[in-house]
Amino acid sequence: MSLNILNYQHHRPLSVGFFERDPDKVAVDLIGRMVVRRASGATMAGRIVEVEAYFGEGDPASHACRGMTPRNAIMFGRAGMAYVYLNYGVHCLLNVVTGLEGRAGAVLIRALEPVSGIETMMKNRPVKRAVDLTSGPGKLTKALGIDLADNGLDMTVRESSLYVANGAQETRTVKASPRIGISKGEDMLLRFCAEGSPFVSKQ
DNA sequence: CTGTCGATCTACT
DNA sequence: GTAGATCGACAGG
């Protein structure tokens, strides 16, 4: 039980104010923070090493670029909520809503480095190589047991089964690059990675 | 190691 | 009907 999760900082979710900013600002600041998840009788945690920022109107790659739909409604809501959606009809992807209410914005969590609760993650998502456990947006939700039922979760309260906490100091450089897996809005540098992490996708 | 393809939901033409 | 914020299986080199 000498796990990082026991550090006091990890029990305090980041505040609404942290997320009430433009998604690119939030995205940069999320690198190195800890995603904490309580599910299946365990507590899991992973350090964020790859994210992407999505705006609303004016961002052609964003779900919210053409206004509200049943799927993306959460993106227009209060900052700090979980926006979980089904991608390609197969994978659940986790975002955190950013910005002021009424204005769409979110940060997609693309990769984590497992920190604690790794056995539970492996049960949720058995893999041969450790690096495959949480090295992708669809992989990490499976490992943490996150699905559509978690859409709209308030990630800013301590009782939540899912939140983001201050990580230990991130020493690695944060690198900006174009978002990947999209075909519009690739000119903007809205993907942010912890340089050198093996869990970050290539490119 | 590389490339291709199927899975199958939401939103848009 | 088609594309999409992905992944894993499989074929070939």
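Model, not experiment: these values are computed from the prediction. Below, chains carry the letters A, B, ... as their sequence lines are ordered, and counting in each starts from 1. Just so it is clear, the values below take in all heavy atoms, side chains as well, and ignore hydrogens, waters and symmetry mates.
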Problem set entry | First of Ala61(A) and Arg125(A) reached from the 5' end of DNA chain C, by closest nucleotide | Ala61(A)
Problem set entry | 5′-ward residue of the pair Val127(A)/Ala106(A) relative to DNA chain C | Ala106(A)
For this session: Would you indicate whether Arg125(A), at its atom CZ, is surrounded by more than 12 heavy atoms from other residues, nucleotides or ligands within a distance under 6.0 Å?
Result: yes
Seminar exercise, completed: For nucleotides 4-13 of chain B, 5' to 3', base contacts (B), sugar-phosphate-only contacts (S) and non-contacts (-) with protein non-hydrogen atoms under 4.0 Å give ---BBBSSSS
Does [X] reach a base, just sugar-phosphate, or nothing at all? Heavy atoms under 4.0 Å.
X	result
Arg191(A)	nothing
Lys139(A)	sugar-phosphate
Leu108(A)	base

In whole Å, what separates the [atom1] atom of [N] from that of [M]?
N	M	atom1	answer
dG3(B)	dA5(C)	C1'	22 Å
dC10(C)	dT8(B)	P	16 Å
dC5(B)	dA3(C)	C1'	16 Å

Ionic contact status for [Y] with [X], cut-off 4.0 Å:
X	Y	answer
Asp132(A)	Arg129(A)	yes
Lys184(A)	Asp59(A)	no
Glu50(A)	Lys139(A)	no
Asp150(A)	Arg37(A)	yes

For this session: Let me see the working for Ser15(A) and Glu20(A) under side chain to side chain contact (heavy atoms under 4.5 Å, CB included), right down to the final yes or no.
Result: CA-CA 9 Å; Ser15(A) 66; Glu20(A) 264 177 351; over 6 Å; no
For this session: Could you walk me through whether Glu113(A) and Arg33(A) pass the salt bridge (charged side-chain N to carboxylate O under 4.0 Å, His left out) test, one step at a time?
Result: CA-CA 10 Å; Glu113(A) 290 180 356; Arg33(A) 311 271 180 177; over 6 Å; no
Exercise. So Ile180(A) and Ser201(A), side chain to side chain contact (heavy atoms under 4.5 Å, CB included) or not? Walk me through it.
Worked result: CA-CA 9 Å; Ile180(A) 59 181; Ser201(A) 33; 3.6 Å; yes
May I have the distance from [X] (atom [atom1]) to [N] (atom [atom2]), rounded to whole angstrom?
X	N	atom1	atom2	answer
Leu133(A)	dC7(C)	CG	P	12 Å
Ile180(A)	dT6(C)	CD1	P	7 Å
Phe192(A)	dA5(C)	CZ	P	18 Å
Lys202(A)	dC7(C)	NZ	C1'	15 Å

Problem set entry | Within 45° cone of Phe19(A) ring axis and under 6.0 Å: Arg21(A) NZ or CZ | no
Seminar exercise, completed: So the stems of DNA chain C, runs of at least three Watson-Crick or G-U pairs (under 3.5 Å), are B:1-7 with C:6-12, B:9-12 with C:1-4
Problem set entry | Test log, rule salt bridge (charged side-chain N to carboxylate O under 4.0 Å, His left out), inputs Arg179(A) and Glu186(A) | CA-CA 6 Å; Arg179(A) 294 173 294 185; Glu186(A) 293 167 284; over 6 Å; no
Problem set entry | Worked verdict on Asn166(A) versus Leu14(A) for side chain to side chain contact (heavy atoms under 4.5 Å, CB included) | CA-CA 7 Å; Asn166(A) 285 315; Leu14(A) 297 177; 3.4 Å; yes
Exercise. Hey, do the aromatic rings of His63(A) and Tyr85(A) have their centres closer than 6.0 Å?
Worked result: yes
Exercise. Is any side-chain nitrogen or oxygen of Ser183(A) closer than 4.0 Å to OP1 or OP2 of dA3(C)?
Worked result: no
What pairs of nitrogen or oxygen atoms, one from the protein and one from nucleotides 10-13 of chain C, lie under 3.5 Å apart?
none

